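We count residues from 1, following the sequence as given. Treat the numbers as computed from the prediction; the structure is a model and nothing was measured.
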Amino acid sequence: MKSVSGKHVCTVLETNGWVLKRIRSSHHIYSKPGARNIVTVPVHGNKDLKIGTLKKILKDAELTENDL
């Protein structure tokens, strides 16, 4: 799995219909109409997300690695 920054993940979520609801410190919280869960993305500048965090975000957003 390639490593990407939180900013890039936010862009991918927004292109897939997720809407930014609020920002709490460095965590961007997204929701999607019709989705049962929310997705929280830590954005720390251009630092890459850890692999486990990225996998959890993709699972919650029902996206695949190819969507990145």
Side-chain angles (χ1 to χ4, degrees):
M1 178 169 282
K2 63 182 180 179
S3 60
V4 295
S5 68
K7 287 182 181 181
H8 180 72
V9 172
C10 289
T11 304
V12 171
L13 288 174
E14 290 171 4
T15 58
N16 283 291
W18 290 86
V19 179
L20 180 64
K21 287 298 179 183
R22 66 183 182 273
I23 299 174
R24 186 94 181 191
S25 183
S26 62
H27 291 79
H28 293 220
I29 300 166
Y30 286 87
S31 67
K32 184 176 183 178
R36 299 172 68 199
N37 54 351
I38 61 169
V39 177
T40 304
V41 181
V43 177
H44 301 285
N46 285 327
K47 289 178 65 177
D48 290 340
L49 295 173
K50 293 182 178 179
I51 298 300
T53 304
L54 180 58
K55 285 183 179 181
K56 175 70 171 141
I57 292 169
L58 292 177
K59 180 181 175 187
D60 288 346
E62 298 175 353
L63 298 173
T64 63
E65 185 179 356
N66 295 332
D67 294 323
L68 297 175

State yes or no: do [X] and [Y] share one hydrophobic cluster built from I, L, V, M, F, W and Y residues joined by side-chain heavy-atom distances below 4.5 Å, directly or via other members?
X	Y	answer
L58	I51	yes
V43	V19	no
L63	I38	no
V4	L20	yes

Between [atom1] of [X] and [atom2] of [Y], what distance do you get to the nearest 0.5 Å?
X	Y	atom1	atom2	value
L49	S3	CG	OG	9.0 Å
D48	H8	CG	NE2	10.5 Å
N16	D67	CG	CG	5.5 Å

Open item on the list: Once side-chain hydrogen bond (donor to acceptor under 3.5 Å, both in side chains) is applied, what residue pairs with a partner in residues 17-41 remain, sequence neighbours excluded?
Closed with: E14-Y30

With a 4.5 Å heavy-atom cut-off, do [X] and [Y] have their side chains touching?
X	Y	answer
V12	V9	no
L54	L68	yes
C10	I57	no

TODO: Taking all heavy atoms of P33 and all of G17, pick out the closest pair and write down the distance.
DONE: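 Nearest heavy atoms, P33 then G17: CD-O, 4.1 Å.
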
Task: Exercise: identify the closest heavy-atom pair between L13 and V41 - done: CD1-CG2, 3.6 Å

Task: CD/E65: more than 12 non-hydrogen atoms of other groups inside 6.0 Å - done: yes

